[in-house]
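First comes the structure, then the notes that go with it.
Please read all numbers here as calculations on a predicted model, not as lab measurements. Order of the sequence lines sets the chain letters (A, B, ...), proteins ahead of strands, with each chain counted from 1.
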Number of protein chains: 2
Amino acid sequence: MVSLKEIAKSCGVSTATVSKALNNKEDIAKATRERIQKKAAEMGYMLDASARALRTKRTYNIGVLYNDTKNAGLAHEYFSSILESFKKTAETSGYDITFITHTIDGKESTYLKHCEYRSFDGVAVILADFTDPEILELVHSDLPVVTIDYIYDDCPAVVSDNTRGLQELVRYAISRGHRRFAYIHGEMTEVTRNRMMGFYSACRLEGIEIEEKYILESDYHDIEMCAERTRELLAMPNVPDCIIFPDDYSYLGALQVLAEKGLTPGKDISVMSYDGIQLAKAIGLTTYEQDTNALGRIACRRLIEAIEDPEAIVEHSVVMGKLIEGRTVTQKQV
Amino acid sequence: MVSLKEIAKSCGVSTATVSKALNNKEDIAKATRERIQKKAAEMGYMLDASARALRTKRTYNIGVLYNDTKNAGLAHEYFSSILESFKKTAETSGYDITFITHTIDGKESTYLKHCEYRSFDGVAVILADFTDPEILELVHSDLPVVTIDYIYDDCPAVVSDNTRGLQELVRYAISRGHRRFAYIHGEMTEVTRNRMMGFYSACRLEGIEIEEKYILESDYHDIEMCAERTRELLAMPNVPDCIIFPDDYSYLGALQVLAEKGLTPGKDISVMSYDGIQLAKAIGLTTYEQDTNALGRIACRRLIEAIEDPEAIVEHSVVMGKLIEGRTVTQKQV
DNA sequence: ACTTTTTTAGAAAACGCTTACAAATATTAA
DNA sequence: TTAATATTTGTAAGCGTTTTCTAAAAAAGT
């Protein structure tokens, strides 16, 4: 490719001058600047990211980490949708996105090492086992890090208001006359704990008793397991009148089971879930939509702030979602 | 970070020697090599990718391009699932994945420029408007490129056997007694053309007449539009007995419409679609599963071949899918 | 013991860029 | 006009690697 040197030669100036001209530095005459920029464009000049990075210690490259081993990874719409919005925001700020792995040169390594190798300016941890020592190491390094849906005290985080989400769902169902809830929740992560807090507190506030047997653990994004739990639930003597599922996607498992039993959601039984992915809207599922767009955007902004101003105060942002009123919660007569 | 120089000092050798030792070059004594490697590990040395790239012109970084403006982008399970498998393969071969954009430094640019800027070793074009001049420019540059589901003569490609896929679907439905087909297909891309070829040829071979009015154009991944087309179809005087939809996801739109009309798929009417995403399996949809795993893996292998051996012959691989027999195609009495 | 060959290590340049500092030129002040 | 100041350009070093070529040391042949 054509380099600074060639432009310098062609313009009869030094490479320093060319560099300054192309970077719009102030200590260069306007006429020269323009002449050089024009020439550079003509010659099809393109900056070499490696060379600049080597010199400036800035890569304008952000590492994105996810290690959702168990389930869907990228295929999880929640994740991909956050990533998409993160990427867009990064793009307009001049940053690129590279996936973090823990292999370097085909050899096993650690996340942190990989980040050092690539000299990422910062890192976003989006969907991960936040107790993984390798991730802890990364988070506690001096690299700027932002986490999504998990809070470490010392680094910026963007979280969804999971507690409020479940509160709203429960209150909505109560307002439509439901009293006997079941909650099939996801695996016991921080997110789940928050949701359960919302669930219990809303019930208590409304004076509703929760029988423990109606609280079942499943997994996020796991259609099979969710189907199984639903089957268990429906086999109980006193079937609840409203079931809350871990997420929209896993609800698809339940959908089948309900059909088998001849139950129509929104008529014979009420169901709600969480996420608000497109699929949910398509099938009219009542759910709580996470604002993945905001999550990605804000996370990216926070990270870039942290990168560009190391003294920036660590902030934890909470992003509100909204109830999507589908057709799966019946209006009961009182 | 600790650099070659510091290891050199600490070991009392030159940086050249350290470099050779760490790269397992032959012209270094085994004892020194081991001593240096040990020391490097102790000191927590990590290679600097920028420096190496600057010197060697190899970044071990692959650019991935998708520009699915209209619809889902990353959220498309077909895409994310290919990407996931591509990424895994790249990882084990020592390559990282970075998204290609057409902004550099926050300013509009072109895909090709961005690739030059980042010095990608190669590029994968996965989901894109393959007629976009910017993409053509990229593909016809001298960068190694692999395309997925689209073939340019002069660069390696991995494609799904779309023609065969539709043939199998049609033949399956025919074997179960269907004769009156409707096909709501996606927008007119190469993929769609291939699928239609499969559709028409299978019908012809089985001596089945296709009425043009039963062939409707919709979009991939567009629930709304698919619902609308389905509605149109169901309003026709002679409702077809088997409808083929663009893809599993958009079928969700049809699902609603069918329910409205009181039609149960697999009982009152038969439906099939394409992709074989998890969702389809969950709801028992008869579909043709694309082997996204193989698509991603093979694409990555081809690309790395092209990168590492510029003389490698250009190969186009076709990946077979398989029919997923769900519960949405009835068995008719003859 | 002396040459020849092989093995091992180092010196130095280069990759493309930025930047502190010095130098040259133009502008203004006195 | 001359000195002081402001503006513009250039010099050169350095970022962390790799690599070619040279040199020294060790091993092998005579």
Side-chain angles (χ1 to χ4, degrees), chain A residues 1-37 39-40 43-61 94 104-105 113-121, chain B residues 1-37 39-40 43-61 94 104-105 113-121:
Chain A
M1 300 290 111
V2 27
S3 69
L4 281 197
K5 209 195 285 185
E6 307 176 42
I7 297 177
K9 182 142 50 124
S10 169
C11 287
V13 295
S14 74
T15 62
T17 307
V18 177
S19 171
K20 289 178 194 167
L22 296 180
N23 288 299
N24 283 309
K25 297 282 181 190
E26 279 313 313
D27 65 339
I28 210 86
K30 202 157 114 198
T32 359
R33 195 208 330 268
E34 280 164 5
R35 181 165 56 95
I36 293 175
Q37 287 181 348
K39 194 68 162 192
M43 298 177 65
Y45 168 78
M46 179 44 51
L47 175 65
D48 182 314
S50 302
R52 171 182 274 180
L54 177 57
R55 179 64 226 236
T56 62
K57 303 290 148 213
R58 293 277 270 113
T59 54
Y60 289 92
N61 200 3
I104 297 174
D105 234 345
K113 280 287 169 203
H114 184 251
C115 292
E116 293 177 358
Y117 164 62
R118 285 285 176 204
S119 307
F120 294 130
D121 290 338
Chain B
M1 300 290 109
V2 25
S3 69
L4 281 194
K5 210 195 283 184
E6 307 176 43
I7 297 177
K9 182 141 51 123
S10 168
C11 286
V13 296
S14 73
T15 62
T17 308
V18 178
S19 171
K20 289 179 195 165
L22 296 180
N23 288 299
N24 283 308
K25 299 281 182 190
E26 279 312 315
D27 65 340
I28 212 84
K30 201 157 116 201
T32 357
R33 192 203 338 262
E34 280 165 5
R35 182 165 56 95
I36 292 175
Q37 288 180 347
K39 195 68 161 192
M43 297 177 66
Y45 169 78
M46 180 44 51
L47 176 64
D48 181 314
S50 302
R52 172 181 274 180
L54 177 59
R55 179 63 226 234
T56 62
K57 304 290 146 212
R58 292 278 269 112
T59 55
Y60 289 92
N61 200 4
I104 296 173
D105 233 345
K113 280 287 169 203
H114 185 251
C115 293
E116 292 178 357
Y117 164 62
R118 285 285 176 204
S119 308
F120 295 130
D121 290 339

Original post:
Asp27(A) CG to dA22(C) C1': how many Å, rounded?
Top reply: 13 Å

**OP:** Would you mind reading off the distance between Leu54(B) atom CG and dA14(C) atom C1', rounded to a whole angstrom?
**Re:** 9 Å

Subject >> Nucleotide dA12(C), atom P - distance to NZ of Lys5(B) in whole Å >> reply: 15 Å

Subject >> Residues that Tyr117(A) engages under ring pair (Phe, Tyr, Trp, His ring centres under 6.0 Å), provided they are two or more places apart >> reply: none

**OP:** To the nearest Å, give me how far apart CZ (Arg52(B)) and C1' (dA14(C)) are.
**Re:** 17 Å

**OP:** Look at all strands and tell whether Lys20(B) reaches a base, only sugar-phosphate, or nothing, counting heavy atoms closer than 4.0 Å.
**Re:** base

Original post:
With a non-hydrogen cut-off below 4.0 angstrom, is Ser19(B) in contact with a base, only sugar-phosphate, or nothing?
Top reply: base

**OP:** Check whether any side-chain N or O of Thr15(A) sits under 3.5 Å from a backbone N or O of Leu4(A) as a donor-acceptor pair, and report yes or no.
**Re:** no

Original post:
Looking across every strand, which nucleic acid part, if any, lies under 4.0 Å from Lys25(A) by heavy atom: base, sugar-phosphate, or nothing?
Top reply: sugar-phosphate

Subject >> Arg55(A) CZ - dA14(C) P separation (whole Å) >> reply: 19 Å

**OP:** Report which part of the nucleic acid Ala16(A) touches: base, sugar-phosphate, or nothing (heavy-atom distance under 4.0 Å, all strands).
**Re:** base

Original post:
Taking the side chain of Leu4(A) as heavy atoms from C-beta outward, which of dG10(C), dT8(C), dT18(C) is closest to it?
Top reply: dT18(C)

**OP:** Measure the shortest side-chain to side-chain distance between Arg118(A) and Leu47(B) over non-hydrogen atoms and say whether it is less than 4.5 angstrom.
**Re:** no

**OP:** Between dC15(C), dC17(C), dG10(C), spot the one nearest the side chain of Tyr45(A), thanks.
**Re:** dC17(C)

Original post:
Which two nucleotides bound the region of DNA chain D that has atoms under 4.0 Å from heavy atoms of chain B, read 5' to 3'?
Top reply: dC15(D) to dT19(D)

Original post:
Are the side chain of Asp121(B) and the backbone of Thr59(B) linked by a donor-acceptor contact shorter than 3.5 Å?
Top reply: yes

Original post:
Between the side chain of Asp48(B) and the main-chain N/O of Ser50(B), is any donor-acceptor distance below 3.5 Å?
Top reply: yes

Original post:
Counting any heavy atom closer than 4.0 Å, what does Ser50(A) reach on the DNA or RNA strands: base, sugar-phosphate only, or nothing?
Top reply: nothing

Original post:
What pairs with Tyr60(A) under ring pair (Phe, Tyr, Trp, His ring centres under 6.0 Å), at least two apart in sequence or on another chain?
Top reply: Tyr95(A)

**OP:** Give a yes or no answer on whether the side chain of Lys25(A) reaches the backbone of Ser19(A) with a donor-acceptor pair at less than 3.5 Å.
**Re:** no

Original post:
Side-chain N or O of Thr56(A) less than 4.0 angstrom from OP1 or OP2 on dT18(C)?
Top reply: no

**OP:** Check side-chain contact (heavy atoms from CB on, under 4.5 Å) between Met1(A) and all other residues, then give those that pass, not counting sequence neighbours.
**Re:** Glu116(B)

**OP:** Let me know the distance between CD of Glu26(B) and P of dT8(C), rounded to the nearest Å.
**Re:** 9 Å

Original post:
More 5' along DNA chain D: Thr15(A) or Arg33(A), using each one's nearest nucleotide?
Top reply: Arg33(A)

Original post:
Just wondering, are more than 12 heavy atoms of other shown residues or ligands nearer than 6.0 Å to NZ in Lys57(A)?
Top reply: yes

Original post:
Counting side-chain heavy atoms from C-beta on, which of dG16(C), dA9(C), dA14(C) comes nearest to Asp48(A)?
Top reply: dG16(C)

Subject >> Arg58(B) CZ - dG16(C) P separation (whole Å) >> reply: 17 Å

Subject >> Relative orientation of the end axes in the helix from dA1(C)-dT30(D) to dA30(C)-dT1(D), expressed as an angle to the nearest 10° (five pairs per end) >> reply: 50°

Original post:
Ile104(B) has an atom CD1; how far is it from atom P of dC17(C), in whole Å?
Top reply: 13 Å

Original post:
Quick one: side-chain contact (heavy atoms from CB on, under 4.5 Å) partners of Ile28(A), sequence neighbours excluded?
Top reply: Thr17(A), Lys20(A), Arg33(A)

